[in-house]
Amino acid sequence: MAAKPQHHDRPISNIVIVVAMQTEALPVVNRFQLTEDPQSPFPQGVPWVRYHGTYKDLNISLIWPGKDPALGVDSVGTISSALVTYAAIQALQPDLIINAGTAGGFKAKGASIGDIFIISDCAFHDRRIPIPVFDLYGVGLRKSFETPNLVKELNLKVAKLSTGDSLDMTQQDESSIIANDATVKDMEGAAIAYVAELLKVPAIFVKAVTDIIDGDKPTAEEFLQNLAAVTAALDVAVEQVINYINGKCVSEL
């Protein structure tokens with residue numbers, strides 16, 4: 001069954017938060033006192049996890065792709081995120097999707113460690129298909145759902161996001177990211193945007209900067225060093241967004 005277009009003129013009541021890593025998910029789970037669903041709405045055998053609960057007037061589900069069954073690490077990247085987003089929309093019929101997560105930032109574009117951004121545009125930087133029109137499909141540029149009132153009220157920064165399946169960055173990736181005019185870089189956003197657009201569900205993206213890509217520290221080292229502190233900041237930002245959304249219609253965001 002395909003997801004139905006949502007009614008933007010009634011108060012939001014059902015939210016799905018998609019989070020790639022357990023470290024990013026648990027502070028939000030604890031803040032909203034969500035509990036793991038023992039009756040998973042997902043196919044048997046997949047590692048995907050749903051936490052859910054109510055907060056004010058909202059039903060909140062946080063979806064985490066879980067650990068890779070063979071290797072035991074977070075199932076990061078575009079494939080897992082796209083799959084869980086699709087499955088969550090089908091099973092839970094949300095009014096709104098929030099993708100909350102960490103990202104690398106570019107100091108040349110004004111990003112600093114701990115900055116929180118609402119994303120205006122998502123695109124890919126590692127789907128290179130140098131054939132006319134296929135090249136545009138590969139980049140997959142999509143506008144995020146616009147939330148001018150939320151951005152103004154919470155005084156959040158707005159930026160463009162570039163997504164790829166690698167933590168590091170090749171020279172070709174860098175050229176594509178510059179072409180995408182991106183301030184932040186992650187491993188799931190554009191894939192979630194693709195699914196949300198396909199199934200006609202508004203999606204917003206809240207990204208917190210863990211590492212400076214054009215800085216002098218190795219990306220993996222800086223990411224791990226800042227992950228705990230930045231996920232705490234992300235958690236606070238998600239709470240602010242949820243509090244703002246409560247009682248509002250999608251069209252009022």
Legend entry - Step-by-step side chain to side chain donor-acceptor pair (under 3.5 Å) determination, His52 to Ser61: CA-CA 4 Å; His52 68 110; Ser61 294; 5.8 Å; no

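- Residues Ala25 and Val19 share a closest heavy-atom pair of N-CG1, 3.6 Å.
- For Lys143, the salt bridge (charged side-chain N to carboxylate O under 4.0 Å, His left out) partners are Asp121, not counting sequence neighbours.
- The CG atom of Asn243 sits 9.0 Å away from the CG atom of Leu58 when rounded to the nearest 0.5 Å.
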Residues 69-83, side-chain donor-acceptor partners within the protein, below 3.5 Å, at least two apart:
from  : atom 1 : to     : atom 2 : distance (Å)
Asp74 : OD1    : Gln22  : N      : 2.9
Asp74 : OD1    : Trp64  : NE1    : 3.1
Ser75 : OG     : Gly66  : O      : 3.1
Ser75 : OG     : Asp68  : N      : 3.3
Thr78 : OG1    : Asp165 : OD1    : 3.3
Thr78 : OG1    : Asp165 : OD2    : 2.6
Ser80 : OG     : Ser75  : O      : 3.4
Ser81 : OG     : Gly77  : O      : 3.1

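- Cluster annotation: Leu234 and Ile242 are assigned to the same hydrophobic cluster (Ile/Leu/Val/Met/Phe/Trp/Tyr, side-chain heavy-atom contacts under 4.5 Å, transitive).
- Under the rule for a ring pair (Phe, Tyr, Trp, His ring centres under 6.0 Å), Phe134 has no partner lying at least two apart in sequence or in another chain.
- Every ring pair (Phe, Tyr, Trp, His ring centres under 6.0 Å) that Phe32 has, sequence neighbours left out, goes to Tyr55.
- Note on Ile213 and Val209: separate hydrophobic clusters, where clusters join Ile, Leu, Val, Met, Phe, Trp and Tyr whose side-chain heavy atoms are under 4.5 Å apart, directly or indirectly.
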Which side-chain N or O atoms in residues 147-159 pair as donor and acceptor under 3.5 Å with protein atoms at least two apart or in another chain?
from   : atom 1 : to     : atom 2 : distance (Å)
Asn149 : ND2    : Glu252 : O      : 2.8
Lys157 : NZ     : Asp115 : OD2    : 3.1

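- Of the possible donor and acceptor atoms, one in the side chain of Gln93 sits under 3.5 Å from a partner among the backbone N and O of Ile89.
- Judged by distance alone, the side chain of Asn14 and the main-chain N or O of Leu92 form a donor-acceptor pair under 3.5 Å.
- The closest donor-acceptor contact from the side chain of Glu146 to the backbone of Ser120 lies at 3.5 Å or more, if one exists at all.
- Residues satisfying the ring pair (Phe, Tyr, Trp, His ring centres under 6.0 Å) test with Tyr194, not counting sequence neighbours, are none.
- Counting side-chain heavy-atom gaps under 4.5 Å among Ile, Leu, Val, Met, Phe, Trp and Tyr, Phe124 is found in no cluster with other residues.
- Asp173 and Ser176 form no side-chain donor-acceptor contact under 3.5 Å, judged by distance and modelled atom types alone.
- Contact between Ala237 and Val206 at its shortest, heavy atoms only, is CB-CG1, 4.3 Å.
- Taking CH2 of Trp48 as the start and OG of Ser40 as the end, the distance is 9.0 Å to the nearest 0.5 Å.
- His125 places a side-chain heavy atom less than 4.5 Å from the side chain of Asn180.
- How far CZ of Arg142 is from CD1 of Ile119: 15.5 Å, rounded to the nearest 0.5 Å.
- Under a 4.5 Å side-chain heavy-atom cut-off, the cluster of Ile, Leu, Val, Met, Phe, Trp and Tyr residues that includes Val236 has no other member.
- In summary, Arg10 and Asp95 engage in a salt bridge, as defined by a charged side-chain N under 4.0 Å from a carboxylate O.
- Residues Leu253 and Leu96 have side chains in contact (heavy-atom distance under 4.5 Å, counting atoms from C-beta outward).
- Between Asp186 and Thr163, the side chains place a donor N or O and an acceptor N or O closer than 3.5 Å (distance only, hydrogens not considered).
- Side-chain contact check for Ile178 versus Glu174: some heavy-atom pair is nearer than 4.5 Å.
- There is no path of hydrophobic side-chain contacts, each under 4.5 Å, that joins Met187 to Met169.
- For Arg127, the salt bridge (charged side-chain N to carboxylate O under 4.0 Å, His left out) criterion is met by no residue, not counting sequence neighbours.
- Pairs engaging residues 27-41 under the salt bridge (charged side-chain N to carboxylate O under 4.0 Å, His left out) rule: Arg31-Asp235, Arg31-Glu239, Asp37-Arg50 [sequence neighbours left out].
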Legend entry - side chain to side chain contact (heavy atoms under 4.5 Å, CB included) between Ile212 and Glu222, intermediate numbers included: CA-CA 8 Å; Ile212 299 302; Glu222 192 171 28; 4.2 Å; yes

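- The heavy-atom pair separating Val250 from Pro202 by the smallest distance is CG1-CG, 3.8 Å.
- The shortest distance between side-chain heavy atoms of Ile63 and Tyr51 does not fall below 4.5 Å.
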Inset, instruction - Report the C-alpha separation of Val241 and Ile204 in whole Å, then their side-chain angles, then the decisive distance to 0.1 Å, and conclude whether the side chain to side chain contact (heavy atoms under 4.5 Å, CB included) test is met. - result: CA-CA 10 Å; Val241 169; Ile204 62 176; 4.0 Å; yes

Inset, instruction - May I have the step-by-step check of side chain to side chain contact (heavy atoms under 4.5 Å, CB included) for Ile60 and Leu34, ending in yes or no? - result: CA-CA 8 Å; Ile60 299 177; Leu34 307 179; 4.1 Å; yes

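- In this structure, the side chains of Leu227 and Val230 stay at 4.5 Å or more apart for every pair of heavy atoms.
- Nearest heavy atoms, Pro65 versus Ala20: CD-O, 3.8 Å.
- Cluster annotation: Tyr137 is not connected to Ile192 through the hydrophobic network of ILVMFWY side chains, with a link wherever side-chain heavy atoms come within less than 4.5 Å.
- Counting heavy atoms from C-beta on, the side chains of Leu161 and Cys122 come closer than 4.5 Å.
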When the side chains of residues 98-114 are checked against the rest of the protein, which donor-acceptor pairs come out under 3.5 Å, sequence neighbours left out?
from   : atom 1 : to     : atom 2 : distance (Å)
Asn99  : OD1    : Lys207 : NZ     : 2.8
Asn99  : ND2    : Val18  : O      : 3.0
Thr102 : OG1    : Glu24  : OE2    : 2.5
Lys109 : NZ     : Asp181 : OD1    : 2.4

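- Judged by distance alone, the side chain of Ser166 and the main-chain N or O of Asp168 form no donor-acceptor pair under 3.5 Å.
- For the salt bridge (charged side-chain N to carboxylate O under 4.0 Å, His left out) condition, no pair includes a residue of residues 52-64, sequence neighbours left out.
- Counting non-hydrogen atoms of other residues, nucleotides and ligands closer than 6.0 Å to NZ of Lys67 gives a total above 12.
- Without hydrogens or angle criteria, Lys248 side chain to Tyr244 main chain gives a donor-acceptor distance under 3.5 Å.
- Follow the hydrophobic side-chain contacts under 4.5 Å out from Val238 and you never reach Met21; the two are in separate clusters.
- In terms of heavy atoms, Phe205 sits closest to Gly189 at CE2-O, 3.3 Å.
- For the pair Asp211 (side chain) and Phe223 (backbone), a donor-acceptor distance under 3.5 Å is absent.
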